Amino acid sequence: MKIAVLPGDGIGPEIVAEAVKVLETLDLSFDMETAPVGGAAYEAAGHPLPESTLKLAKSSDAILFGAVGDWKYDTLDRPLRPEQAILGLRKEMGLFANFRPAICYEQLVGASSLKPELIAGLDILIIRELTGDIYFGQPRGRRTASDGHFPGAEEAFDTMRYSKPEIERIAHVAFQAAQKRGKKVTSVDKANVLETFQFWKDVVTEVHKQYPDVTLEHMYVDNAAMQLVKAPKKFDVVVTGNMFGDILSDEASMLTGSIGMLPSASLNDQKQGLYEPSHGSAPDIAGQGIANPLATILSAAMMLRFSLDQAAAADRIEDAVKSVLAQGLRTPDIFAGEEGTTKVGTREMGDAVVKAMS
Ligand code: NAD
């Protein structure tokens, strides 16, 4: 089991160190190799995704990724900015399926801005198509308008497009994920307005015929955005395109109110995956030892489950995380001063997970 460890920038190295510590506690043998990515790689090699890092990632079963980015790189040319490393890995490795669970842990119900009864027990999975849609469609650019409301004016345009195989493969991923959960898929589209998403709806409906044990519902994206805050527990698996998924997965992850708790996975069709916390590099708290490492530790658990076929080890980590929360341990981002809770730092939280595993 070969794992490429890419800590990145900001709090990335601090939180990844804790996840590595947790992995090393398991009775499994991993070949883990670390390489620079993002701003750290730009400093070391002049590029956010150096050839050697990409080669390591491609030759590994999975990538454990911290986070990239810092405000100080905002003035660099776009291809040299840290965030390009993630886009490069997605593209080069064909990581088309993004999994973002939004789970509300019992002990953290109070961290959500929604009423406890709406959020207690929440366990939904957003599956976002990651390599197509308007984010990648060609042509795109600027030109002089030849028609429209203002012929002759300067305009910009992008192209929304999806091919049938692209929709089919993400639909299969969603139905298969639902089979292992609540057996319901909500496919989110904008079929009432967009040709691309009428096609999306038709193809998802066709693929559904192969999964009679799963219920399929279709929902327009504007309604889905409302339902996520009105009655989020009605969802099980949500599948959607790249742009709608970008927005809805952030909305869903914030339902729980604790960004430091949320893992994510991006997989290709050989089950190779990139596993990272949903949050960024948090430059505002980097180096202070107070970042919450749990999203990264839970990303390592997803890695064991989805890319390394080690479901029992994944369960062990997830149970240990629940146990440390039950013990009342909280990093500052999830600390609200309730009775029986103690504020801890990044390393203490990682140590507590390791202890809970044994
Ligand atoms: P962010 O997620 O880094 O931080 C938002 C807020 O959440 C900050 O106040 C931060 O302190 C807090 N936070 C985030 N993770 C935390 C954790 N584990 N524990 C405790 N608090 C945590 O988002 P941002 O501030 O908008 O972006 C910072 C940098 O991260 C930017 O350069 C951005 O481009 C980059 N970014 C990278 C990724 C990625 O690597 N996948 C994703 C999003 C943003």
Side-chain angles (χ1 to χ4, degrees), residues 4-19 22 35-43 48-49 53 57 63-76 78-91 93 95 98-100 105 108 111-113 128 130 135 242 245-247 249-251 253-254 256-266 273-300 302 321 324-325 329-336 343-350 353:
V5 180
L6 312 183
D9 308 320
I11 59 170
E14 300 165 51
I15 52 181
V16 166
E18 299 312 309
V22 166
V37 73
Y42 174 75
E43 302 288 352
L49 183 59
T53 300
I63 304 160
L64 182 62
F65 194 95
V68 292
D70 191 294
W71 317 124
K72 72 180 176 196
Y73 301 115
D74 283 358
T75 49
L76 287 176
R78 195 163 292 280
L80 294 178
R81 292 198 198 159
E83 293 78 6
Q84 294 299 316
I86 305 180
L87 298 179
L89 284 166
R90 280 179 193 162
K91 191 167 166 228
M93 297 180 65
L95 303 169
N98 182 233
F99 287 61
R100 277 241 217 147
Y105 292 90
L108 301 179
S112 174
S113 50
R128 164 187 170 196
L130 208 54
Y135 288 4
N242 203 346
D246 191 0
I247 300 162
S249 63
D250 265 19
E251 186 189 358
S253 66
M254 280 319 294
T256 65
S258 44
I259 196 161
M261 296 295 304
L262 299 160
S264 83
S266 304
L274 184 147
Y275 297 84
E276 57 172 335
S278 294
H279 58 73
S281 55
D284 53 335
I285 57 165
Q288 296 177 30
I290 56 169
N292 186 345
L294 293 179
T296 316
I297 291 171
L298 291 166
S299 300
M302 284 183 92
V321 167
V324 298
L325 293 174
L329 302 185
R330 307 277 188 271
T331 42
D333 57 306
I334 50 172
F335 181 75
K343 206 191 275 186
V344 296
T346 311
R347 202 172 301 161
E348 286 164 282
M349 187 59 111
V353 174

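All values derive from a computational prediction rather than experimental measurement. We count ligands from 1, going down the list as the structure has it; atoms in each ligand are counted the same way.
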Within 6.0 angstrom of Tyr42 OH, more than 12 heavy atoms from elsewhere: no
Shortest protein heavy-atom distance from [atom], along with the residue and atom involved:
atom	answer
atom 35 (C) of ligand 1	Val68 O, 3.2 Å
atom 13 (N) of ligand 1	Ala282 CB, 4.0 Å
atom 21 (N) of ligand 1	Ile285 CD1, 3.6 Å
atom 7 (O) of ligand 1	Ile259 CG2, 4.1 Å
atom 33 (C) of ligand 1	Glu83 OE2, 3.6 Å
atom 19 (N) of ligand 1	Asn292 N, 2.9 Å
atom 29 (C) of ligand 1	Ser281 OG, 3.2 Å
atom 31 (C) of ligand 1	Trp71 CZ3, 3.7 Å

How long is the gap from [atom1] on [X] to [atom2] on [Y], to the nearest 0.5 Å?
X	Y	atom1	atom2	value
Glu276	Leu6	CD	CG	10.5 Å
Arg90	Asn98	CZ	CG	6.5 Å
Leu298	Leu262	CG	CG	8.5 Å

Backbone or side-chain N or O of Ser278 under 3.5 Å from ligand 1 N or O: no
Within-cut-off N or O pair, Gly280 and ligand 1, under 3.5 Å: yes
Under a 4.5 Å cut-off applied to non-hydrogen side-chain atoms, are [X] and [Y] in contact?
X	Y	result
Pro48	Arg81	no
Gln84	Arg78	yes
Phe335	Val344	no

Shortest non-hydrogen separation from Ala85 to Val37 and the atoms involved: CB-CG2, 3.6 Å
Considering all heavy atoms, the nearest Asp333-Thr331 contact: OD1-OG1, 2.7 Å
N/O donor-acceptor pair under 3.5 Å between Thr346 side chain and Ala291 backbone: yes
Distance filter under 4.0 Å to Ala67 heavy atoms, resulting ligand 1 atoms: 40 (O)
Atom indices of ligand 1 within 4.0 angstrom of Ala291 heavy atoms, with elements: 19 (N)
Side chain, backbone, both or neither: Ile11 near ligand 1, heavy atoms under 4.0 Å: side chain
Mode of Pro283 contact toward ligand 1 - side chain, backbone, both, neither (heavy atoms, under 4.0 Å): side chain
Closest candidate by heavy atom, reference atom 8 (C) of ligand 1, pool Ile334, Ile86, Thr346, Asp284: Asp284
